[in-house]
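For ligands, and for the atoms within them, numbers begin at 1 and follow the listed sequence. Because only heavy atoms are used, hydrogens play no part in the values below, and waters and symmetry mates are left out as well, while side chains stay in.
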Amino acid sequence: MVLAQLGGSISRALAQMSNATVIDEKVLNDCLNEISRALLQADVQFKMVRDMQTNIKRIVNLEALAAGTNKRRIMQQAVFTELCNMLDPGKPSFTPKKGKPSVVMFVGLQGSGKTTTCTKYAYCHQRKGFKPALVCADTFRAGAFDQLKQNATKAKIPFYGSYMESDPVKIAVEGVERFKKENCDLIIVDTSGRHKQEAALFEEMRQVSEATKPDLVIFVMDSSIGQAAFDQAQAFKQSASVGAVIITKMDGHAKGGGALSAVAATKSPVIFIGTGEHIDEFEVFDVKPFVSRLLGMGDWSGFMDKIHEVVPTDQQPELLQKLSEGSFTLRLMYEQFQNILKMGPIGQVFSMLPGFSAELMPKGHEKESQAKIKRYMTMMDSMTDAELDSTNPKLMTESRIIRIARGSGRPVRDVMDMLEEYKRLAKIWGKMKGLKIPKKGEMSALSRNMNVQHMSKVLPPQMLKQIGGMGGLQSLMKQMGSKEMSGMFGGMGGDR
Ligand SMILES: Nc1nc2c(ncn2[C@@H]2O[C@H](COP(=O)(O)OP(=O)(O)OP(=O)(O)O)[C@@H](O)[C@H]2O)c(=O)[nH]1
């Protein structure tokens, strides 16, 4: 994803600054220029970039800072805060509740990805235990009903629509009524699009909205329009009382950053982003974890959610227990590979895992990453139980490595590669030792349990140094409150 490149550039600029022996005006300016260039390349509006630069300079006023203050830490925190401010409209949108019927209406221009997104939204809630249903009130585009029907059938989601009826309002009302009777708690109405914003589209949207009284209207927008997103989001917001926005095709092009920041500037909450054509290439958009991931810090809460989503319920306590004991064995890695392969787009999981940024597991290289995992698993199939269950890296002697290579028909180098990967993961995951793992829906417990001691173990030494050692970390946690810390540093456990 292009945004990963943006994150990479910003992280590099910060790292370069951290390497400087003295942070003076020149070092600060170089770093800010680098960050601004990266943001402009991601199509973020010039004025926003300039404002951000001014704000950071004000916060990191080198002359006004007392001697001994940790300038690097302040700089890093300022970049994080400014990026969050840029993307945070400051007000949450309506969220459907399980067991309570909600109607959510989707609007947007033709081709924005509306129909695909309706199904992704339904599927994502279905996995969380909702009982969703889809209504196709798009009578304008021939084939819209077939597309929705096909998507819904694949995801096993009930749907309603008609080939004969040409009145979208009638279909919408019938569909909503039927699914309310069937006790569906999330009724999603897909409406017609048009090639451009036009009166007929807005009038139809108004009528469907009046007749179905949606709890939430979601505007779906293609990210490729970049900064023009501001005008489009604003127009839809005024005409259809849009309560939330979903930006699609964030996997594609350099304009994603522009679209995202432009929509945020209209003060409309972006709730999800579409990151591919596949049904689960869909991510919750939450500003702090997003920025955290963008800066290569990982997204711990997202990763925990994925664990709950991906790892079979009966395996979860065991996995979490083992992780908290710090015993990450090859068998555990094997089981996680199995789970990851089951879940589809692995880039999404890896980008949430501390130590693996989306840049390292780039989109478009998923097939290769998947093939690599399968290769690792074939080699592990040739291992003995003792080897799989050991946490002692010294056990893997040369003769064992040669035996595994022969048994799996792979070169010795591949086995070494796999063991290196294991060591890397074991090192990262080993840092979770002793951390209390929250249960599903208990993310805040993680932050409550993260004391300074734990944080200092979890952070890579380089990062801890940048923050100003234990003292710096202590005051930073006090300053931000431990809750905020989990968003900002929640995933920085990896060595990078
Ligand atoms: N790469 C990528 N493609 C997407 C994404 N979301 C949707 N698409 C693709 O965009 C194209 C248009 O999507 P549709 O869902 O048909 O668009 P629509 O807005 O419903 O179109 P109308 O019903 O005519 O208004 C399809 O080929 C989708 O597969 C995304 O997040 N990433």
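- Residues Thr139 and Ser166 come closest through the heavy atom pair OG1-O, 3.3 Å.
- Between Gly108 and ligand 1, a contact under 3.5 Å exists for no N or O pair.
- Pairing each heavy atom of Ile171 with each of Ala137, the nearest pair is CG2-CA, 4.5 Å.
- Within the listing of ligand 1, atoms 19 (O), 25 (O) sit less than 4.0 angstrom from a heavy atom of Leu109.
- The distance from ligand 1 to the heavy atoms of Thr115 drops below 4.0 Å at these ligand atoms: 15 (O), 18 (P), 20 (O), 23 (O).
- At under 3.5 Å, not a single nitrogen or oxygen of Met250, backbone or side chain, sits near a nitrogen or oxygen of ligand 1.
- For Thr248, no nitrogen or oxygen atom sits less than 3.5 Å from a nitrogen or oxygen atom of ligand 1, counting backbone and side chain alike.
- Listed by number with element, the atoms of ligand 1 under 4.0 Å from a non-hydrogen atom of Gly276 are 2 (C), 5 (C), 30 (C), 31 (O), 32 (N).
- Close contacts of ligand 1 with Thr275, meaning ligand atoms under 4.0 Å from a residue heavy atom, involve 31 (O).
- Of all the atoms in ligand 1, the ones that sit under 4.0 Å from a non-hydrogen atom of Gln147 are 14 (P), 15 (O), 16 (O).
- Taking the six-membered ring wherever Trp is involved, the centroid distance between the rings of Phe236 and Phe219 falls below 6.0 Å.
- Listed by number with element, the atoms of ligand 1 under 4.0 angstrom from any heavy atom of Ser112 are 19 (O).
- Each of the following atoms of ligand 1 lies closer than 4.0 Å to a heavy atom of Asp251: 1 (N), 2 (C), 30 (C), 31 (O), 32 (N).
- Side chain of Lys131 to main chain of Glu182: a donor-acceptor pair is present (N/O by atom type, distance under 3.5 Å, no hydrogens or angles).
- Backbone and side-chain nitrogen or oxygen atoms of Thr117 are examined, and none is located within less than 3.5 angstrom of a nitrogen or oxygen of ligand 1.
- Annotation: side chain to side chain contact (heavy atoms under 4.5 Å, CB included) contacts of Gln227 (sequence neighbours excluded): Asp43, Gln45.
- Applying the side-chain hydrogen bond (donor to acceptor under 3.5 Å, both in side chains) test to residues at least two apart or on different chains, none of the pairs has a partner in residues 94-109.
- Side-chain atoms of Thr378 come within 3.5 Å of backbone N or O of Lys374 as a donor-acceptor pair.
- In this structure, the ring of Tyr334 has its center no less than 6.0 angstrom from the ring center of Tyr376.
- Side-chain atoms of Thr248 come within 3.5 Å of backbone atoms of Met221 as a donor-acceptor pair (strictly under, hydrogens ignored).
- Nearest-heavy-atom check against atom 10 (O) of ligand 1 across Lys120, Lys249, Glu281 picks out Lys249.
- Near Lys114, meaning under 4.0 Å from one of its heavy atoms, ligand 1 places the atoms 15 (O), 17 (O), 18 (P), 19 (O), 20 (O), 23 (O), 25 (O).
- For ligand 1, the polar-atom distance check finds no N/O of Ser192 at less than 3.5 Å from any of the ligand's N/O atoms.
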